[in-house]
Amino acid sequence: MSLCFQSATTFPKGCHASQEDGYKTLRCSNAQLTEVPKDIPNDTNRLYLDFNQITYLPSDAFRNLPVLMELDLSHNFLGRLDVTAFRSLSDHLHSLDLSSNKLVSVNKEVFANLKARTNLSGNPWTCDCDLQELIRMVELDPSSSSGIVCASSVLEEHAGKPFLQVVKDIDLCNAYKKTTDVAMLVTMFGWFAMVISYLVYYVRQNQEDARRHLEYLKSLPSKQRHTEEPSTLSTVV
């Protein structure tokens, strides 16, 4: 099947095209973009969308870019990535830069089948089992791995530490499971204590009521007391 390529004579606002090292390059850096442009030439090899205000990547955000090899999305405000945002790039993308964004947690399936060397540094990551599994799936840019730092963590003592340093000492997936198990045990113990407390209170209250009734019977004249004793005994039982 042959591919039909279109070389645009007009480009997205704030973007300019050039030929760099034999590759068709579109630079949209610092163009005040809030979303991925729709009219990117489909013969683009390198796309720079860095230093913009993009917050979200929708499904198939880079559709119809069959020869795109490098994608720079660094220094934006990305906080959410649709699980199929990079689906159309899986076969040919070589480099992906997502550094210096607002990524806290990302579904690992976003990077399924993606072979690109990826930069995830400079984001406020939550270091947990999800991030650990994501990192195992992604081919990290070696120069960026030390820049993946835990802004928060399932274990508070890891906040502020490099992710790779944390996972050398602990398996976050096991840590999360243990934390969850402990929380469940504490909750169960709390409910159990409440039930026991109620039962103790209930028994004591009934005993107190029975005692008061017996004292009342003792205070009655002898004839009336014998009349009410059977019902009292049934109440105590």
Looking at side-chain heavy atoms only, is the closest gap between Cys173 and Glu133 below 4.5 Å? yes

query: Tell me, do Asn52 and Phe77 make a side-chain contact under 4.5 Å, heavy atoms counted?
result: no

query: Are Leu89 and Tyr23 co-members of a hydrophobic cluster defined by side-chain heavy atoms under 4.5 Å apart?
result: no

**OP:** Check the pair Leu172 / Leu131 against side-chain contact (heavy atoms from CB on, under 4.5 Å), numbers first and verdict last.
**Re:** CA-CA 9 Å; Leu172 289 172; Leu131 181 61; 6.0 Å; no

Between Ser74 and Ser100: side-chain donor-acceptor atoms closer than 3.5 Å: no

Of all heavy-atom pairs linking Leu33 and Lys13, the shortest is CD2-O, 4.1 Å

*asked:* Under the criterion side-chain contact (heavy atoms from CB on, under 4.5 Å), I'd like the reasoning laid out for Gln132 against Val167: C-alpha separation, chi angles, the key distance, then a yes or no.
replied: CA-CA 8 Å; Gln132 181 171 304; Val167 293; 3.7 Å; yes

query = Side-chain heavy atoms under 4.5 angstrom apart, residues restricted to Ile, Leu, Val, Met, Phe, Trp, Tyr: same cluster for Tyr48 and Leu57?
reply = no

**Asked** Out of curiosity, does Tyr56 fall in the hydrophobic cluster containing Ile40 (side-chain heavy atoms, cut-off under 4.5 Å, transitive links)?
**Response** no

What about Leu81 and Leu114, same hydrophobic cluster or not, with Ile/Leu/Val/Met/Phe/Trp/Tyr joined at side-chain heavy-atom distances under 4.5 Å?
yes

On a heavy-atom basis, the closest approach of Arg136 and Asp171 is NH2-OD2, 4.2 Å

Any donor-acceptor pair under 3.5 Å from Thr118 side chain to Ala116 backbone:
yes

* Are Thr55 and Leu78 side-chain neighbours, meaning at least one heavy-atom pair lies under 4.5 Å? -> no

So disulfide (SG to SG under 2.5 Å) across residues 17-95, not counting sequence neighbours, yields Cys15-Cys28

Note to self: With no hydrogens and no angle check, just 3.5 Å: does a side-chain donor-acceptor pair link Asn45 and Glu20?
What the structure shows: no

Checklist line | Expected output: side-chain Asp169 to main-chain Val166 donor-acceptor under 3.5 Å | finding: no

Output for pair (Met137 CE, Ile135 CD1), nearest 0.5 Å, gives 11.5 Å

Taken to the nearest 0.5 Å, the spacing of Lys24 NZ from Asn42 CG works out to 9.5 Å

Closest non-hydrogen atoms of Asn101 and Leu73, given as atom of the first, atom of the second and distance, are ND2-O, 3.1 Å

dist Leu93:CG -> Ser88:OG (nearest 0.5 Å) comes out at 9.5 Å

In terms of heavy-atom contacts, Arg87 and Ser59 come closest through NH2-OG, 3.8 Å

Exercise. Could you tell me whether the side chain of Phe111 reaches within less than 4.5 Å of the side chain of Val106, counting heavy atoms only?
Key: yes

Taking every heavy atom of Asp50 against every heavy atom of Asn76, the minimum-distance pair comes out as CA-ND2, 4.0 Å

Worksheet item: With side chains defined as the heavy atoms from C-beta onward, is the minimum distance between Pro37 and Leu49 less than 4.5 Å?
Response: yes

Interatomic distance, CZ@Phe163 vs OG@Ser121, rounded to 0.5 Å, equals 14.0 Å

- Query: Within a radius of less than 6.0 Å around NZ of Lys102, do more than 12 heavy atoms belonging to other residues, nucleotides or ligands occur?
  - Reply: no

Of Ser105, Ser153, Ser152, the one forming a side chain to side chain donor-acceptor pair (under 3.5 Å) with Thr126 is Ser152

Could you check whether atom CD of Gln19 has more than 12 heavy atoms from other residues, nucleotides or ligands sitting under 6.0 Å from it?
yes

Residues 67-76 vs salt bridge (Lys or Arg N to Asp or Glu O under 4.0 Å), sequence neighbours excluded, gives Arg46-Glu70

Checklist line | Worked verdict on Asn119 versus Leu96 for side-chain contact (heavy atoms from CB on, under 4.5 Å) | finding: CA-CA 6 Å; Asn119 185 343; Leu96 173 62; over 6 Å; no

Rounded to the nearest 0.5 Å, the CD atom of Gln32 sits from the CD1 atom of Ile54 at a distance of 12.5 Å

Go through Asp141 and Arg117 one step at a time and tell me if the salt bridge (Lys or Arg N to Asp or Glu O under 4.0 Å) criterion holds.
CA-CA 5 Å; Asp141 181 345; Arg117 183 168 290 186; 5.2 Å; no

Inset, instruction - Check whether the side chains of Asp82 and Thr84 place a donor and an acceptor atom closer than 3.5 Å, and report yes or no. - result: yes

Heavy atoms of Asp39 and Phe11 approach each other most closely as OD2-C, 4.3 Å

Are side-chain heavy atoms of Arg27 and Thr25 found at a separation under 4.5 Å?
-> yes

Inset, instruction - Can you establish whether the number of heavy atoms outside Glu157 located under 6.0 Å from its atom CD is more than 12? - result: yes

Interatomic distance, CG@Asn64 vs NZ@Lys38, rounded to 0.5 Å, equals 12.5 Å

Asn113 atom CG, over 12 foreign heavy atoms within 6.0 Å: no

Single-linkage hydrophobic cluster, 4.5 Å side-chain cutoff, Leu155 and Trp125 together: yes

Q) Side chains of Leu164 and Ile148: closer than 4.5 Å at any heavy-atom pair? A) no

